[in-house]
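Single-structure report; data block below.
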2 protein chains.
Amino acid sequence: MQISSRFTIAVHIFACIDTFKDNYKITSDFLASSVNVNPVIIRKIVLQLRNAGLVETQRGSGGVTIAKALKDINFLDIYNAVECIEKGKLFHFHENPNCQCPVGRNIHNILDSKLEQVQNALENELKQITLAEIIKETQYYISEENKNKNNAIS
Amino acid sequence: MQISSRFTIAVHIFACIDTFKDNYKITSDFLASSVNVNPVIIRKIVLQLRNAGLVETQRGSGGVTIAKALKDINFLDIYNAVECIEKGKLFHFHENPNCQCPVGRNIHNILDSKLEQVQNALENELKQITLAEIIKETQYYISEENKNKNNAIS
DNA sequence: TCTTATTGTAACCATAAAGGTTACAATAAA
DNA sequence: TTTATTGTAACCTTTATGGTTACAATAAGA
């Protein structure tokens, strides 16, 4: 299993919106061009982000905007928005362990809390990383490029 | 995405082997009965565990045994054995971000270390949990059942 | 040696998810 | 009224999961 590319695309979308919001209208075509996927893929992901209250969209006139302060959106918010994870569980448990067997009828007692512990570790780490941090990194790398460009000119 | 049930089945298999090793020959049929899946499913998972050096099997005569000390097998070993994760990466990155776009050509710089940080958090937590702990829990829950049974008899 | 039990493995199958595409109604603004 | 855009339906392909039947290879016991 892998976390689907919807997650990295979603982060990419946020980076684009913030970087280009003053100079471009952020349409699904615009985003599709940067991410390099079909615009409908972008629209589906943007819809998931909108349903989670992370972005706002305008039908007809177009354009996507970020709905919250950058520091108030973290990777877990995005993960939960785009990753359709069954019952919120990271681990898929085999369905019908044999309750005639001492191990089979106790396997949930034995495992459930451990699996929860692992899932919490993942979620806590996702929670630590906010869009504020990502946008700062984005600005840094773009400004470094511009520095190099200016050096080449001068 | 979810971590596949191969993982919980694999842990279940280890719990069974240790619990019943003195009183039963641990065949794929025996394990299949406790887990409640087709014996071939068990054999495929046991093969993955064998390829990872975690168990030993005997063709013909049959039987599965644990290949290492219980404290030397952790959840990450089992996870890596049964979860065929592409290039070892937890996150699937969109393939071809547009290098004409400042965000597109920097998105890996921006994201890669963050994704690695999250994957490390997951793997470290998996590493903390050993089979020794799981077997201890298994014995505890089974002994509790036996206590209750004895109480009912007396 | 023959029989039996068991593993390893191939060859299928069904279902679901991911990722993608075309098409178009609904909408908003110029 | 026209145009641009979103939301959405209806498809498609590919891959992974989980499952099944069948059988050759193997090891041990009768």
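What you see is a predicted model, and the numbers here were worked out from it, not measured in a lab. Proteins come first, then strands; the chains are lettered A, B, ... in the order of their sequence lines, and each starts at number 1.
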Scan nucleotides 12-17 of chain D against the protein and return all N/O pairs shorter than 3.5 Å with their distances rounded to 0.1 Å.
unit_1: D:dT17; atom_1: OP1; unit_2: B:Arg6; atom_2: NH2; d: 3.3

Specify the separation, in whole Å, of atom [atom1] of [X] and atom [atom2] of [N].
| X | N | atom1 | atom2 | result |
| --- | --- | --- | --- | --- |
| A:Lys25 | C:dA28 | NZ | P | 13 Å |
| A:Ile41 | C:dA18 | CD1 | C1' | 9 Å |
| A:Ile45 | C:dT21 | CD1 | P | 13 Å |
| A:Phe7 | C:dG19 | CZ | P | 14 Å |
| A:Glu56 | D:dT5 | CD | C1' | 17 Å |
| B:Ile42 | C:dT6 | CD1 | C1' | 14 Å |
| A:Leu31 | D:dA4 | CG | P | 18 Å |

Q) If only side-chain N and O atoms of B:Asn38 are considered, is one of them under 4.0 Å from the OP1 or OP2 phosphate oxygen of D:dG19? A) no
Q: Kindly check if the number of other-residue, nucleotide or ligand heavy atoms within 6.0 Å of NZ (A:Lys89) is above 12?
A: no
Q: Quick one, give me the B/S/- string for nucleotides 7-15 of chain C, reading 5' to 3', where B means a protein heavy atom under 4.0 Å from the base and S means that only happens at the primed atoms, P, OP1 or OP2.
A: BBB-B----
Sequence-distant partners of [X], side chain to side chain contact (heavy atoms under 4.5 Å, CB included), two or more places apart:
| X | answer |
| --- | --- |
| A:Asn146 | A:Ile142, A:Lys149 |
| A:Asn38 | A:Val40, A:Ile41 |
| A:Tyr141 | A:Glu137, B:Asn106, B:Asn109, B:Ile110 |

Q: Go through the structure and list residues passing ring pair (Phe, Tyr, Trp, His ring centres under 6.0 Å) with A:Phe20, not counting sequence neighbours.
A: A:Tyr24, A:Phe30
Under 3.5 Å, which donor-acceptor pairs link side chains of residues 127-135 of chain B to any protein atom two or more places apart or in another chain?
unit_1: B:Gln128; atom_1: NE2; unit_2: B:Asn124; atom_2: O; d: 3.1
unit_1: B:Thr130; atom_1: OG1; unit_2: B:Ala132; atom_2: N; d: 3.3
unit_1: B:Thr130; atom_1: OG1; unit_2: B:Glu133; atom_2: N; d: 3.4
unit_1: B:Glu133; atom_1: OE2; unit_2: A:Lys114; atom_2: NZ; d: 2.6

Q. Can you list every pair that meets ring pair (Phe, Tyr, Trp, His ring centres under 6.0 Å) and has a residue in residues 33-63 of chain A, with sequence neighbours left out?
A. none
Contacts under 3.5 angstrom, residues 49-65 of chain B side chains, donor-acceptor by atom type, not counting sequence neighbours:
unit_1: B:Asn51; atom_1: ND2; unit_2: B:Leu47; atom_2: O; d: 3.3

Q.
Checking side-chain polar atoms at under 3.5 Å, does A:His92 have a donor or acceptor matched by the opposite partner on B:Ser4?
A. no
